[in-house]
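If you read the sequence from its start, that first residue is 1, and numbering goes on from there. Predicted model only: the values in this text are computed from it and were never measured.
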Amino acid sequence: MAKIAIPVHHLLAHGRGAVTIEHFEPRSSAVRNEVHRHDFHELFFIGEGSGQHMIDLESHDFRAPCMHAIAPGQVHRLSRSADSSGRVAMFLREAVDAAASEQDIRQVFGPWNAQPIHTLTPVHLNEANALLDLIANEARLDGSTAQRIVSGLLTVLLAKAAQWMRTAGAKSDDHTSERSASTGPDIVRRFLADVEAGFLNERRVSAYAKRYAITTDHLSDLLRERIGKSAMDVLQDRLTLEAKRLLLHSAMSVKEVGFALNMEDPAYFSRVFKKATGHSPGEYRDHIRELYTT
C-alpha cells in the first residue's frame, strides 16, 4: 500500500484568526469528512441530526443536541446525516484567558475524558448558540478590545461546557478541594496530565508515584477507582494510541515509528504493539488505512 499522510489543518491558514466560528447546514445527502487532525481545539455544537464521529480511532454514535470536544493532535472524522446542522468553535490555546480557564480546558479536553461526546439539553444548546453569536460578532472586529472580549467570551463558553459535562453525568471534581490530595481526584488528574505530557520519556509508574509521594499500588488503586485502569494500563494505552496515530497519519516506516516512540529496537516495538492490539504494526497500518482513508 502506498504511503500516505493524514492532513493537518491549521487554524491560522487562509487568514483565519485565533478564534473562528463556523456553521454547517443540512445537505441533500449525508456528509462524511476526510480523516484529519489539527493543531487547535474544536468544540462542535450539533443542534439537529445524527451521525458518527471517529475520534482517535474510536467511533462514537451521536444524536442532537450534543457537544463534541476535539483536542489538538487527535485524529478524527465526522460523518453526519443529511438533516444535521450545527456550529463549531475553533481556537488556539493562547486565545483563552490562561489563568481563568485551565481547569475548564482540562475538564473538557483532558485525556481522562473517555467520552468526548456529551448530550446537551435544549437550554444548554441555546446558551451555547448565544455565546457563539457574540464570539463570532467580536471576532470579525479588529483591535485589542475585540480580542479581549473574544477571549473573555470563549472563557465563559469553556466554563459552561465544563459545567454541562458535569451535570450531564461526567464525574465531578467539585469537591476536590475538600478531600486529601493524596487520596482524591487531584492525584488522578495530575497523573493523567503528566502522562500526556511525558509518556515518551517517562514510562515508570514508580517515577510518577514518587512525584505525588505515594506508593505505586496506591496510585493504581486511585486510578482503578476513578477510571477503571491501573497506572501501567494508562501508560501503555497512551503509548499504543500514539503508535496508532503515527501508523495511520504519518509516512514513517514501522521502524521510524518505533524510533519516534523512543523504542529503538524494531522487534521490541512490534512485540509490544502486537500484545496491545493483536496485530503487528504493519498489519494494523494496512487495516486502519483501508478503513479510514478510502
Novice: Using the rule that Ile, Leu, Val, Met, Phe, Trp and Tyr join whenever any side-chain heavy atoms are under 4.5 Å apart, tell me whether F259 and V272 fall into a single cluster.
Specialist: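 In one cluster: no.
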
Novice: For the side chain of R289 and the backbone of L247, is there at least one donor-acceptor N/O pair under 3.5 Å apart?
Specialist: yes

Novice: Any donor-acceptor pair under 3.5 Å linking the side-chain atoms of D83 with those of S81?
Specialist: yes

Novice: Working to the nearest 0.5 Å, report the span between CE of M90 and CG of D39.
Specialist: 11.5 Å

Novice: For the CG atom of D56 and the CZ atom of R245, what is their distance to the nearest 0.5 Å?
Specialist: 4.0 Å

Novice: I'd like to check N33 versus F24 (side-chain heavy atoms, cut-off strictly below 4.5 Å). Are they in contact?
Specialist: no

Novice: Of all residues at least two apart in sequence or in a different chain, which pass the side-chain hydrogen bond (donor to acceptor under 3.5 Å, both in side chains) check with D265?
Specialist: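 With sequence neighbours excluded, D265 shows a side-chain hydrogen bond (donor to acceptor under 3.5 Å, both in side chains) to no residue whatsoever.
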
Novice: Heavy atoms, side chains only, cut-off 4.5 Å: are M165 and Q107 in contact?
Specialist: yes

Novice: For K229, enumerate each residue passing the side-chain hydrogen bond (donor to acceptor under 3.5 Å, both in side chains) test, keeping only those at least two apart in sequence or located in another chain.
Specialist: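 In terms of side-chain hydrogen bond (donor to acceptor under 3.5 Å, both in side chains), with neighbours along the sequence ignored, K229 is linked to D237.
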
Novice: Identify the heavy atoms of F191 and L235 that sit nearest to each other, and give their distance.
Specialist: CZ-CG, 4.4 Å

Novice: Does the plane of the ring in H38 sit parallel, tilted or perpendicular to the ring in H36? Use 30° and 60° as the thresholds.
Specialist: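 H38 vs H36 ring planes: tilted.
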
Novice: Please find the pair of heavy atoms, one from L223 and one from A231, that lie closest to each other, and give the distance.
Specialist: CD1-CA, 3.5 Å

Novice: If we only count heavy atoms from C-beta on, is the V88 to I70 side-chain gap below 4.5 Å?
Specialist: no

Novice: Between K244 and I288, is a side chain to side chain contact (heavy atoms under 4.5 Å, CB included) present by the stated rule, with each step listed?
Specialist: CA-CA 9 Å; K244 286 179 175 180; I288 205 66; over 6 Å; no

Novice: Which heavy atom of R37 sits nearest to which heavy atom of G73, and what is that distance?
Specialist: CB-O, 4.1 Å

Novice: Tell me which pairs pass side-chain hydrogen bond (donor to acceptor under 3.5 Å, both in side chains) where either residue lies in residues 198-209, with sequence neighbours left out.
Specialist: N201-N262, E202-R204

Novice: I'd like to check the side-chain contact (heavy atoms from CB on, under 4.5 Å) partners of T145; sequence neighbours left out, ordered by chain and number.
Specialist: R148, I149

Novice: Report all side-chain donor-acceptor pairs from residues 47-55 shorter than 3.5 Å, counting only partners two or more places apart or in another chain.
Specialist:
| unit_1 | atom_1 | unit_2 | atom_2 | d |
| --- | --- | --- | --- | --- |
| Q52 | NE2 | D61 | OD1 | 3.1 |
| H53 | ND1 | H68 | ND1 | 2.9 |
| H53 | NE2 | H76 | ND1 | 2.9 |

Novice: Could you report the tightest heavy-atom contact between I187 and L219, atom names first, then the distance?
Specialist: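 Scanning both residues, the minimum pair turns out to be CG2-CD1, 3.7 Å.
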
Novice: Only counting residues at least two apart or in another chain, list the ones meeting side-chain contact (heavy atoms from CB on, under 4.5 Å) with A71.
Specialist: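 Partners of A71 by the side-chain contact (heavy atoms from CB on, under 4.5 Å) criterion, ordered by chain and then number, come out as Q74, F109.
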
Novice: Check for me, please, whether L120 and V156 land in the same ILVMFWY cluster - side-chain distances under 4.5 Å, paths through other members count.
Specialist: yes

Novice: Is any side-chain heavy atom of R285 closer than 4.5 Å to a side-chain heavy atom of S250?
Specialist: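 The answer is yes; the side chains approach within 4.5 Å.
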
Novice: For a side chain to side chain contact (heavy atoms under 4.5 Å, CB included) check, start with the C-alpha distance between V254 and F269, then their side-chain angles and the critical distance, and finish with the verdict.
Specialist: CA-CA 9 Å; V254 169; F269 168 56; 3.8 Å; yes

Novice: Sequence neighbours excluded, which residues qualify as side-chain contact (heavy atoms from CB on, under 4.5 Å) partners of A146?
Specialist: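 A146: side-chain contact (heavy atoms from CB on, under 4.5 Å) contacts with E138, L141.
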
Novice: If I take atom CG from residue L43 and atom CG from residue L158, how far apart are they, to the nearest 0.5 angstrom?
Specialist: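 It comes to 6.0 Å.
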
Novice: Does the S151 side chain pair with the main chain of Q147, one donor and one acceptor, at a distance under 3.5 Å?
Specialist: no

Novice: Output all residues satisfying salt bridge (Lys or Arg N to Asp or Glu O under 4.0 Å) with K274, sequence neighbours left out; order by chain, then residue number.
Specialist: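 K274: no salt bridge (Lys or Arg N to Asp or Glu O under 4.0 Å) contacts found.
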
Novice: Less than 4.5 Å apart, any side-chain heavy atom of H118 and any of W164?
Specialist: no

Novice: With rounding to the nearest 0.5 angstrom, report the CG to OG1 distance, L125 to T119.
Specialist: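 Separation between the atoms: 12.0 Å.
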
Novice: How long is the span from the CG atom in L192 to the CZ atom in F199, to the nearest 0.5 Å?
Specialist: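 L192 atom CG to F199 atom CZ measures 13.0 Å (nearest 0.5 Å).
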
Novice: Less than 4.5 Å apart, any side-chain heavy atom of F44 and any of I117?
Specialist: no

Novice: Flag the pair V108 / H41 as yes when at least one side-chain heavy-atom distance between them is below 4.5 Å, and no otherwise.
Specialist: no

Novice: Testing the basics here: between A89 and L157, what is the closest heavy-atom pair and its distance to 0.1 Å?
Specialist: CB-CD2, 4.4 Å

Novice: For A276, which residues count as a side-chain contact (heavy atoms from CB on, under 4.5 Å) partner, sequence neighbours excluded?
Specialist: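 Listed in chain order: T240.
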
Novice: Taking a hydrophobic cluster as the set of Ile, Leu, Val, Met, Phe, Trp and Tyr residues connected by side-chain heavy atoms closer than 4.5 Å, whether directly or through intermediates, do M252 and L241 fall within one such cluster?
Specialist: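 As far as the 4.5 Å side-chain criterion goes, L241 and M252 are not connected within one cluster.
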
Novice: Quick check: closest heavy atoms across L200 and A260, and the distance to 0.1 Å?
Specialist: CD2-O, 3.9 Å

Novice: Applying salt bridge (charged side-chain N to carboxylate O under 4.0 Å, His left out) as the test, list every pair that has at least one member in residues 119-135; sequence neighbours left out.
Specialist: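 Only R87-D133, E127-K160 qualify under salt bridge (charged side-chain N to carboxylate O under 4.0 Å, His left out).
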
Novice: By the ring pair (Phe, Tyr, Trp, His ring centres under 6.0 Å) test, which pairs, at least two apart or in different chains, include something from residues 126-148?
Specialist: none

Novice: Holding to side-chain hydrogen bond (donor to acceptor under 3.5 Å, both in side chains), I want the full list of residues that pass it with R140, two or more places apart in sequence or in another chain.
Specialist: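 Listed in chain order: N137.
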
Novice: Could you tell me whether the side chain of F62 reaches within less than 4.5 Å of the side chain of L78, counting heavy atoms only?
Specialist: yes

Novice: What's the verdict on side chain to side chain contact (heavy atoms under 4.5 Å, CB included) for L261 and L246, showing C-alpha distance, side-chain angles and the deciding distance?
Specialist: CA-CA 10 Å; L261 299 174; L246 292 173; 4.1 Å; yes

Novice: Rounded to the nearest 0.5 Å, how far apart are CG of L153 and CG of L134?
Specialist: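 Between atom CG of L153 and atom CG of L134 there are 5.5 Å.
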
Novice: Do T121 and H124 have side-chain N/O donor and acceptor atoms under 3.5 Å apart?
Specialist: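 There is such a pair (donor and acceptor under 3.5 Å, judged by atom type) between the side chains of T121 and H124.
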
Novice: Can you tell me if R211 has over 12 outside heavy atoms packed within less than 6.0 Å of its CZ?
Specialist: yes

